[in-house]
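The analysis underlying the following values was restricted to heavy atoms, covering all of them including side chains, and did not include hydrogens, waters or symmetry mates. As the structure lists them, so they are numbered: ligands from 1, and atoms in each ligand from 1.
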Amino acid sequence: MADEVLLLDAKVSMFGMRARVALAEKGVKYEYKEQDLTNKSPLLLQMNPIHKKIPVLIHHGKAINESLIIVEYIDEVWKGEAPLLPSDPYQRAQAKFWADFIGSKVHEVGKRIWVGKVEEHEQAKKELIENLKQLEEVLGDKPYFGGDTFGFVDVALIPFYKWFYVYEKIGNFKVESECPKIIEWAKRCLKRESVVKSLADEKEIYEFVLGYRKKLQLD
Ligand code: GS8
């Protein structure tokens with residue numbers, strides 16, 4: 001199997017972590033290829049010629065691009081184990097909506113903290129907290145966004161938990177004091193082997209971001 005599945009990825013990437021968590025949930029063996037995004041490999045350029053971004057899943061030589069599409073693909077191909085998307089069409093649509101919200105809102109606003117100038121931080125922090133509070137409402141009293149089982153939205157969001165450390169250090173605030181339910185949910189997810197072994201270390205992410213900010217002279 002290992003020669004059939006290949007993941008082009010970068011360790012600290014929240015999008016790459018989504019693919020890794022989904023593969024681990026399904027117990028899929030794969031070959032991991034760390035990519036240097038400052039000097040993109042011919043393989044990455046060939047496999048994602050449109051966006052030239054990681055993650056890229058290569059299955060039997062064919063490329064699948066975009067993290068949420070990759071997670072859905074993994075869910076469809078390895079159907080038997082741990083279903084991630086609900087089978088009910090409305091629930092499925094809802095799961096896709098919130099997973100997209102995480103990329104278009106949480107990620108974008110988080111980026112305004114970690115690549116943003118200091119004067120942009122206050123507004124970005126406010127919006128990030130608003131977005132996370134919306135997600136807390138979606139979670140409600142369920143253990144996971146997927147209900148009783150870990151699902152698509154859980155996979156989409158959990159990598160960002162490791163990025164909270166960066167948002168908090170750079171933005172000088174604590175997510176937990178504003179959104180305790182999200183932190184409780186994240187700690188629950190972190191009890192899963194698939195999650196623990198797939199996520200990058202927060203200090204490593206922070207070091208990466210500090211280097212990035214230094215290079216761009218943002219401080
Ligand atoms: C985003 C992937 C992405 O931004 C997805 O897969 O969900 N919507 C896509 N990948 C980044 C690394 S993570 O921040 C990337 O590959 N960047 C390289 C570049 O922009 O040149």
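The ligand atoms of ligand 1 that sit less than 4.0 angstrom from a heavy atom of S13 are 13 (S). Close approach of ligand 1 to P55 (heavy-atom distance below 4.0 Å) involves ligand atoms 6 (O). Proximity to F15 (heavy-atom distance under 4.0 Å) selects the following atoms of ligand 1: 1 (C), 2 (C), 3 (C), 4 (O), 5 (C), 6 (O), 7 (O), 13 (S).
A cation-pi contact, defined as under 6.0 Å to the ring centre and within 45° of the axis, links R192 to Y144.
Looking at H107, K111, K40 and measuring to atom 19 (C) of ligand 1, the nearest heavy atom belongs to K40. Remark: among candidates Q35, E66, K53, the nearest residue to atom 15 (C) of ligand 1 is K53, based on non-hydrogen atoms.
A salt bridge links E72 with K96; the closest basic N to acidic carboxylate O contact falls under 4.0 Å. Under a 4.0 Å N-O distance rule, the pair E204/K11 qualifies as a salt bridge. A salt bridge is defined here as a Lys NZ or Arg NE, NH1 or NH2 lying under 4.0 Å from an Asp or Glu carboxylate O, and E184 with K187 fails to meet this definition.
Both Y165 and I102 sit in one connected hydrophobic cluster of ILVMFWY residues. Membership requires side-chain heavy atoms under 4.5 Å apart, directly or through other members.
Residue-ligand proximity: G103 is placed with every non-hydrogen atom at 4.0 Å or more from ligand 1.
The single protein non-hydrogen atom nearest to atom 6 (O) of ligand 1 is S67 N, 2.8 Å, given as residue, atom name and distance. Atom 10 (N) of ligand 1 has its closest protein heavy atom at I54 O, 2.9 Å.
The ring-ring contact (aromatic ring centres under 6.0 Å, His included) search around F173 returns none, not counting sequence neighbours.
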